[in-house]
> 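Structure provided below as structure tokens; questions to follow.
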Amino acid sequence: QVQLVESGGGSVQAGGSLRLSCAASRYSASMGWFRQAPGKEREGVAAISAGDGSTDYADSVKGRFSISRDNANYRVYLQMNSLRADDTAIYYCAASPFSGAPSLAPWRYNYWGQGTQVTVSS
């Protein structure tokens, strides 16, 4: 089992920035950030693999969001810049024991945090 705890969510005006953090109870090969807005399905935002640190991003956040990880401290971060109103959602951290290319598919992840709310006002 891997416990995940997100932090860093909040309310911000459009164009602003937030940094989300996820603390894991132990190492996981693959980590990702997902989000779910009211009435919408959960979608992958960013993912990072452990080996070479390769990353993948949803098209909607490319150039604005950046994922990084601190393997020594079992943490993963999501830097969110140029936030827009449609970024408003609950953001979840996820972990998978499987190595390989980073994936934005929710079904590839076994463990999930409780989520943190991000609200962007226009």
Side-chain angles (χ1 to χ4, degrees):
Q1 286 284 344
V2 179
Q3 282 75 46
L4 302 168
V5 179
E6 303 98 335
S7 61
S11 297
V12 65
Q13 290 192 331
S17 297
L18 283 173
R19 188 188 192 215
L20 304 183
S21 296
C22 174
S25 58
R26 62 180 178 85
Y27 173 84
S28 292
S30 298
M31 302 288 291
W33 285 98
F34 295 76
R35 67 186 181 187
Q36 188 165 18
K40 294 187 177 182
E41 293 187 355
R42 188 171 298 189
E43 63 171 346
V45 175
I48 186 167
S49 62
D52 59 1
S54 56
T55 58
D56 194 15
Y57 296 92
D59 288 343
S60 59
V61 307
K62 282 180 181 176
R64 301 189 298 123
F65 290 12
S66 178
I67 188 171
S68 60
R69 64 185 295 169
D70 176 355
N71 289 331
N73 294 296
Y74 309 148
R75 287 184 176 268
V76 64
Y77 305 97
L78 185 68
Q79 178 66 43
M80 305 186 295
N81 299 325
S82 301
L83 282 162
R84 310 183 309 215
D86 60 1
D87 293 318
T88 296
I90 299 174
Y91 283 71
Y92 299 90
C93 176
S96 169
F98 298 102
S99 60
S103 174
L104 298 177
W107 62 267
R108 287 188 175 270
Y109 293 83
N110 304 71
Y111 308 105
W112 295 82
Q114 81 289 349
T116 185
Q117 177 71 47
V118 171
T119 301
V120 184
S121 58
S122 57

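Along the sequence shown, residues are numbered consecutively beginning with 1.
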> Nearest 0.5 angstrom please: Phe65 CZ to Leu20 CG, how far?
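One gets 8.0 Å once the value is rounded to the nearest 0.5 Å.
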
> Following the transitive rule for hydrophobic clusters with a side-chain heavy-atom cut-off under 4.5 Å over Ile, Leu, Val, Met, Phe, Trp and Tyr, establish whether Val12 and Trp33 coincide in one cluster.
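Val12 and Trp33: one cluster.
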
> Verify the cluster assignment for Tyr91 and Tyr111: are they in a single hydrophobic cluster under the rule of side-chain heavy atoms below 4.5 Å apart?
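Yes: a chain of side-chain contacts under 4.5 Å links Tyr91 to Tyr111.
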
> Please find the pair of heavy atoms, one from Asp59 and one from Lys62, that lie closest to each other, and give the distance.
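Heavy atoms of Asp59 and Lys62 come nearest at OD1-NZ, 3.2 Å.
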
> Check whether Gln13 reaches the backbone of Ser121 with its side chain - one donor and one acceptor, N or O, closer than 3.5 Å.
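Side chain of Gln13 to backbone of Ser121, a donor-acceptor pair under 3.5 Å: no, none is there.
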
> What heavy-atom pair brings Gln114 and Val5 nearest, and what distance separates the two atoms?
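Distance-wise, the nearest heavy atoms are OE1-CA, 3.9 Å.
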
> Looking at every heavy atom in both Ser21 and Arg75, which two are closest together, and how far apart are they?
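Looks like CB-NH1, 4.4 Å.
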
> Mind checking what makes ring pair (Phe, Tyr, Trp, His ring centres under 6.0 Å) contact with Tyr109, not counting sequence neighbours?
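Tyr109 satisfies ring pair (Phe, Tyr, Trp, His ring centres under 6.0 Å) with Phe34 once adjacent residues are dropped.
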
> Does a side-chain heavy-atom distance below 4.5 Å link Tyr57 with Arg64?
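The answer is no; the side chains never approach within 4.5 Å.
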
> Would you compute the distance between atom CD1 of Ile67 and atom SG of Cys93 and round it to the nearest 0.5 angstrom?
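Answer for the CD1-SG pair, Ile67 versus Cys93, is 8.0 Å.
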
> Going from OG1 on Thr116 to CG on Leu78, what distance comes out if it is rounded to the nearest 0.5 angstrom?
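Going from OG1 on Thr116 over to CG on Leu78, the span is 11.0 Å.
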
> If you measure from CG on Asn110 to OG on Ser30, what distance do you get to the nearest 0.5 Å?
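Spacing of CG (Asn110) from OG (Ser30) equals 10.0 Å.
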
> Can you establish whether the number of heavy atoms outside Phe98 located under 6.0 Å from its atom CZ is more than 12?
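Not more than 12 within 6.0 Å, no.
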
> Of the non-hydrogen atoms in Ala95 and Val2, which two are nearest, and what is the gap between them?
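Ala95 and Val2 have their closest heavy atoms at CB-CG1, 4.5 Å.
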
> Specify whether Tyr92 and Trp112 have parallel, tilted or perpendicular ring planes, treating 30° as the upper limit for parallel and 60° as the lower limit for perpendicular.
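Answer is perpendicular, since the angle exceeds 60°.
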
> Would Arg19 and Tyr77 count as a cation-pi pair here, with the cationic atom under 6.0 angstrom from the ring centre and within 45° of the axis?
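Yes - Arg19 lies over the ring of Tyr77, closer than 6.0 Å to its centre and within 45° of its axis.
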
> So which atom in Ser17 and which in Ser82 form the shortest heavy-atom distance, rounded to 0.1 Å?
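The answer is OG-N, 4.3 Å.
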
> As an exercise, state the distance from NZ of Lys40 to CG of Asp86, rounded to the nearest 0.5 Å.
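With rounding to 0.5 Å, NZ (Lys40) is 7.0 Å from CG (Asp86).
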
> Can Met80 and Val118 be said to form a side chain to side chain contact (heavy atoms under 4.5 Å, CB included), step by step?
CA-CA 10 Å; Met80 305 186 295; Val118 171; 3.9 Å; yes

> When you compare the side chain of Tyr74 with that of Cys22, does any pair of heavy atoms fall below 4.5 Å?
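Of all side-chain heavy-atom pairs linking Tyr74 with Cys22, none is under 4.5 Å.
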
> Within this structure, what is the CG-OG distance for the pair Leu83 and Ser122, rounded to the nearest 0.5 Å?
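Between atom CG of Leu83 and atom OG of Ser122 there are 12.5 Å.
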
> Check the pair Leu4, Met31 against side chain to side chain contact (heavy atoms under 4.5 Å, CB included), reporting the backbone distance first and the verdict last.
CA-CA 10 Å; Leu4 302 168; Met31 302 288 291; 4.1 Å; yes

> Determine, step by step, whether Val61 and Arg35 satisfy the side chain to side chain contact (heavy atoms under 4.5 Å, CB included) criterion, reporting the C-alpha distance in whole Å, the side-chain angles of both residues, the deciding distance to 0.1 Å, and the verdict.
CA-CA 12 Å; Val61 307; Arg35 67 186 181 187; 4.1 Å; yes

> Identify the heavy atoms of Ala47 and Ser103 that sit nearest to each other, and give their distance.
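For Ala47 versus Ser103, the nearest heavy atoms are CB-O, 3.2 Å.
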
> Indicate yes or no for a side-chain donor-acceptor contact from Ser54 to the backbone of Ser49 under 3.5 Å, with no hydrogens or angles considered.
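No: the side chain of Ser54 does not pair with the backbone of Ser49.
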
> Can a donor-acceptor pair be found, under 3.5 Å and without considering hydrogens, that links the side chain of Ser96 to the backbone of Arg108?
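Confirmed, Ser96 side chain pairs with Arg108 backbone.
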
